[in-house]
Undergrad: 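Please read through the structure below; I'll follow up with questions.
Both counts, for ligands and for their atoms, begin at 1 and track the order of listing.
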Amino acid sequence: MGVRDDAEAIAPELVGLRRAIHREPEIGLDLPGTQRKVLAALDGLPLEISLGTALSSVTAVLRGEGAAALGRNAKGGPVVLLRGDMDALPVAERTGLDYASQIEGAMHACGHDLHTAMLAGAARLLAARQRELPGMVVFMFQPGEEGHAGARHMIAEGVLDAAGQRPAAAYALHVASADWPAGVISTRPGPMLAAAEVLAVTVHGHGGHGSEPYHAADPIPAACEMVTALQTLVTRKFDVFDPVVITVGSFHAGTTDNVIPDDATFLATVRSFSPGARDKVRESALALVGGIASAHGLTVSAEFRDGYPVTVNDEAETRFAAGVAADLLGEECCVAQLNPMTGAEDFSFVLEQVPGAFLMLGACPPGADPATAPNNHAPDAVFDDSVLADGAALYAELALQRLALS
Ligand SMILES: [Zn+2]
Ligand SMILES: [Zn+2]
């Protein structure tokens, strides 16, 4: 039987695992209950399992026996890494599903429960093919994707070297509750998702009486100038076809009308779609706020807080992965994505070191219109279980075919 049939045969178990994880969502880097469920799902499989220390990650290595048989590589052949993230969001669920979250204020609103179940399914499918598997597979079960840079922590703890040699390729799937019909794969070579960072600025002046600003050093007008100048920076310094978004979403200063405060602070989210634009916006935004502050005789503390880099899909790996998806699921289920998405992903940290591809998988429920269905992160976002078997089969097929290529 083929991988897709085998995946179909374990679909009920994948649905059970997905729903169990959905009922008990956990947020951030520490997901002990989810980790337990993953370990139970992997129990009995011929995997080398290691657990994270700074986070509740699960790294599982499957050593295929097919490479030695081919006489290709005495160390066990090439390595492919498959990643599934496992964390939920601080969202109060409003789906009304019978398997809805039982944890107040937490919900799998980004579908990571499906990723976890699909990756566990892929481990089952590939373990059953251990004898002919021409290489090794690293299964990366990752906490803390939603703003906690879990992938960076797992890299620091050695996930990229878990099999004893670097992966030749890395793949991740991400479900979407809207935008695509269920079962449709969408990806693009090059930038796939934005870089997202926080620009934090504090303008330092000297407080005083509002009636005598010349005896004080007022930080508010300078901070206001910075906000508008950042918008001008976007339009005058950046290629319109390599865009940058700067949005000041928080601005705070002062206590009342007639007191000049010491400080004014603001926070901006900064999005960019190429490593070059990311470097340039970091440098030019800091120079801009520094210049405006000094023009007014003030000082400023400004920094870019750790964010996620651009998720860049490798050209060849993306072509390969799209081809595998089209063979497995049918040409009609594979669409080219015209533009990158404005969200961000910490799989970007993996793709900075390993060529690979990030693929979207439509999971819009039947009967809902992908154009209007609630999007990922919405409290009423619904991800359809019917894609679990295909997702698991695609993960497995990507590894099988990529290892056969190497
Ligand atoms: Zn998300
Ligand atoms: Zn996500």
Undergrad: Pairing donors with acceptors under 3.5 angstrom, does anything connect the side chains of Glu93 and His108?
TA: no
Undergrad: Ignoring water, what protein N, O or S atoms are under 2.8 Å from the Zn ion (ligand 1)?
TA: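 Correct list: Cys110 SG, Glu146 OE2, His377 NE2.
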Undergrad: Roughly how far, to the nearest 0.5 Å, is CZ of Arg4 from CG of Leu125?
TA: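 Here the rounded value is 12.5 Å.
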Undergrad: By the ring pair (Phe, Tyr, Trp, His ring centres under 6.0 Å) test, which pairs, at least two apart or in different chains, include something from residues 124-164?
TA: none
Undergrad: Taking NZ, NE, NH1 and NH2 as the nitrogens, is one of them in Arg152 or Asp346 under 4.0 Å from a carboxylate oxygen of the other?
TA: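 Answer for the salt bridge query: no.
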Undergrad: Given side chain to side chain contact (heavy atoms under 4.5 Å, CB included), test Leu173 with Leu394 step by step and report yes or no.
TA: CA-CA 9 Å; Leu173 297 182; Leu394 181 55; 3.8 Å; yes
Undergrad: Glu345 and side chain to side chain contact (heavy atoms under 4.5 Å, CB included): which partner among Asp85, Val350, Leu351?
TA: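 Going through Asp85, Val350, Leu351 one by one, the side chain to side chain contact (heavy atoms under 4.5 Å, CB included) with Glu345 is satisfied by Asp85 alone.
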